[in-house]
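Below you'll find the structure, written out as structure tokens, and then a few comments.
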Amino acid sequence: MYIIPKLLKNYSPKRFNLAKKKKQKYYVVWFGNPAGIYDSWEKCKKAIQGISGAQYKSFETLPEAKIAFQKEYVDYKGKNTKKKKILTSEELQRIGEPNLYSIAVDAASSGNPGKMEYRGVDTQTHKELFRQGPFMQGTNNVGEFLALVHGLAFLKQQQSDRMIYSDSRIAMGWVRRKKCNTKLKRTSQNKKIFELITRAETWLKNNTYTTKIVKWETKAWGEIPADFGRK
RNA sequence: ACAU
DNA sequence: AAATGT
Ligand SMILES: [Mn+2]
Ligand SMILES: [Mn+2]
């Protein structure tokens, strides 16, 4: 099915009332207790918990799920219901190669929210330049944001004109607007993170920089060099 | 939808 | 499989 680029560009979850609601999914459990079709991950989880070798998969619609339930798990196991987009050689050519005169930053979180950390490396050598955390109850996006601002401050302090790569569109947007728009709830455990956010936003508003912030093209180049390699 |  | 975000 074709999707018009203009509509794609204007895509907004809010317009489809998906902003706050989780997308409805249906979960087929072929081997569980009991097998069946469930309309929430919570219910599905109960049916597979403690079942070694449980067989289950999510579907976007109930009709899809009903058909799948009457078929075999092996017909769906490992099937890319997710579109793992492969770039055409034209796209690869247009993207080109990364500029190695740069640093790369990335964040990782065990759980999201969860135990979050971030670091920056030399894109060329992968040598670690800075690393912070882990911090309790952070989000992936906050980590990517803090990493980017840390990188900006690092390069300014070094008087370096290298550019910075990030794979996070969210963090790049927040830095551009000098505003971390996280929805993360404050807790007693993540005070430090919110202090760092405030400190980062303050840095952005009180400092100038000419550093180019560039999207790391993961599909073309593989994982960003700063990646923690846990996926 | 896209990026994590 | 989940969640974080525009
Ligand atoms: Mn990342
Ligand atoms: Mn990563």
Side-chain angles (χ1 to χ4, degrees), chain A residues 1-32 38-51 53-60 65 68 73 76-85 87 91 95 104-119 135 137-148 165-177 179-185 190 193 197 213-224 226-231:
Chain A
M1 158 119 152
Y2 256 83
I3 295 169
I4 299 162
K6 179 157 183 88
L7 293 179
L8 198 70
K9 177 177 162 38
N10 293 336
Y11 179 88
S12 164
K14 203 171 276 186
R15 283 181 202 128
F16 293 88
N17 195 28
L18 296 168
K20 218 52 172 124
K21 297 179 174 6
K22 287 173 202 174
K23 180 153 58 175
Q24 175 66 60
K25 281 190 179 180
Y26 297 89
Y27 302 81
V28 172
V29 176
W30 288 273
F31 177 48
Y38 299 89
D39 61 7
S40 76
W41 172 240
E42 286 302 310
K43 294 173 187 171
C44 177
K45 260 200 312 200
K46 290 192 174 178
I48 61 174
Q49 70 170 8
I51 308 289
Q55 298 174 344
Y56 59 101
K57 184 173 178 56
S58 73
F59 294 87
E60 310 236 324
Y73 176 61
Y76 294 92
K77 183 177 188 220
K79 277 255 166 62
N80 357 300
T81 179
K82 307 178 183 8
K83 18 202 96 171
K84 41 141 63 165
K85 157 131 172 148
L87 297 183
E91 288 171 314
I95 291 170
V105 299
D106 196 28
S109 187
S110 176
N112 193 20
K115 199 191 303 183
M116 176 273 285
E117 59 194 314
Y118 70 82
R119 69 177 189 149
F135 306 102
Q137 296 176 9
T139 70
N140 60 336
N141 293 323
V142 168
E144 301 270 17
F145 170 77
L146 293 176
L148 212 33
Y165 280 109
S166 166
D167 63 21
S168 171
R169 290 175 23 159
I170 302 303
M172 291 171 68
W174 289 354
V175 168
R176 188 170 61 248
R177 287 147 45 201
K179 176 67 184 171
C180 174
N181 199 33
T182 184
K183 306 300 187 292
L184 181 64
K185 270 273 285 204
N190 62 20
I193 287 175
I197 289 171
I213 299 174
V214 189
K215 177 68 174 69
W216 180 264
E217 297 285 355
T218 304
K219 291 265 176 25
W221 305 333
E223 285 284 356
I224 194 166
D227 180 54
F228 285 77
R230 296 169 184 171
K231 298 192 311 294

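Worth saying up front: this structure is predicted, and the values here are computed from it rather than measured. All chains are named by letter (A, B, ...) in the order of the sequence lines, taking the proteins before the strands, and each is independently numbered beginning at 1.
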Calculate the interatomic distance between [X] atom [atom1] and [N] atom [atom2]; express it in whole Å.
| X | N | atom1 | atom2 | result |
| --- | --- | --- | --- | --- |
| Leu146(A) | U4(B) | CG | C1' | 15 Å |
| Lys183(A) | dA3(C) | NZ | P | 16 Å |
| Asp227(A) | A3(B) | CG | C1' | 14 Å |
| Lys231(A) | dA3(C) | NZ | P | 18 Å |
| Glu60(A) | dA1(C) | CD | C1' | 14 Å |

With a 4.0 Å cut-off on heavy atoms, is [X] in touch with a base, just the backbone sugar-phosphate, or nothing at all?
| X | answer |
| --- | --- |
| Lys25(A) | sugar-phosphate |
| Lys45(A) | nothing |
| Ser109(A) | nothing |

Pairwise distance CH2(Trp174(A)) to CD1(Ile197(A)) - rounded to 0.5 angstrom: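 Rounded to the nearest 0.5 Å, the CH2-CD1 separation comes out at 7.5 Å.
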
Return no unless some side-chain N or O of [X] is found under 4.0 Å from OP1 or OP2 of [N].
| X | N | result |
| --- | --- | --- |
| Lys185(A) | dA3(C) | no |
| Ser58(A) | dA1(C) | yes |
| Ser168(A) | dG5(C) | no |
| Trp216(A) | U4(B) | no |
| Lys219(A) | A3(B) | yes |
| Asn181(A) | dT6(C) | yes |
| Lys22(A) | dA3(C) | yes |
| Thr139(A) | dG5(C) | yes |

Does Asn140(A) contact U4(B) through a side-chain donor or acceptor facing the base, at a distance under 3.5 Å?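 Side chain to base: pair found, below 3.5 Å.
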
Note: Glu91(A)-Lys219(A) ion pair, threshold 4.0 Å (strictly below):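 So Glu91(A) does not pair with Lys219(A) through a salt bridge.
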
Arg230(A) bridged to Glu117(A) by N-O distance under 4.0 Å: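 Yes, Arg230(A) and Glu117(A) are salt-bridged.
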
Can you tell me which nucleotide in [options] comes closest to the side chain of [X]?
| X | options | value |
| --- | --- | --- |
| Tyr27(A) | U4(B), dG5(C), dA2(C) | dA2(C) |
| Arg169(A) | U4(B), dT4(C), C2(B) | C2(B) |
| Lys57(A) | U4(B), dG5(C), dA1(C) | dA1(C) |
| Trp41(A) | dA3(C), dA1(C), dG5(C) | dA1(C) |
| Tyr56(A) | dA3(C), A3(B), dA1(C) | dA1(C) |

Proximity of Phe59(A) and Tyr76(A) rings by center, below 6.0 Å: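 Here the rings of Tyr76(A) and Phe59(A) have centres that are less than 6.0 Å from each other.
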
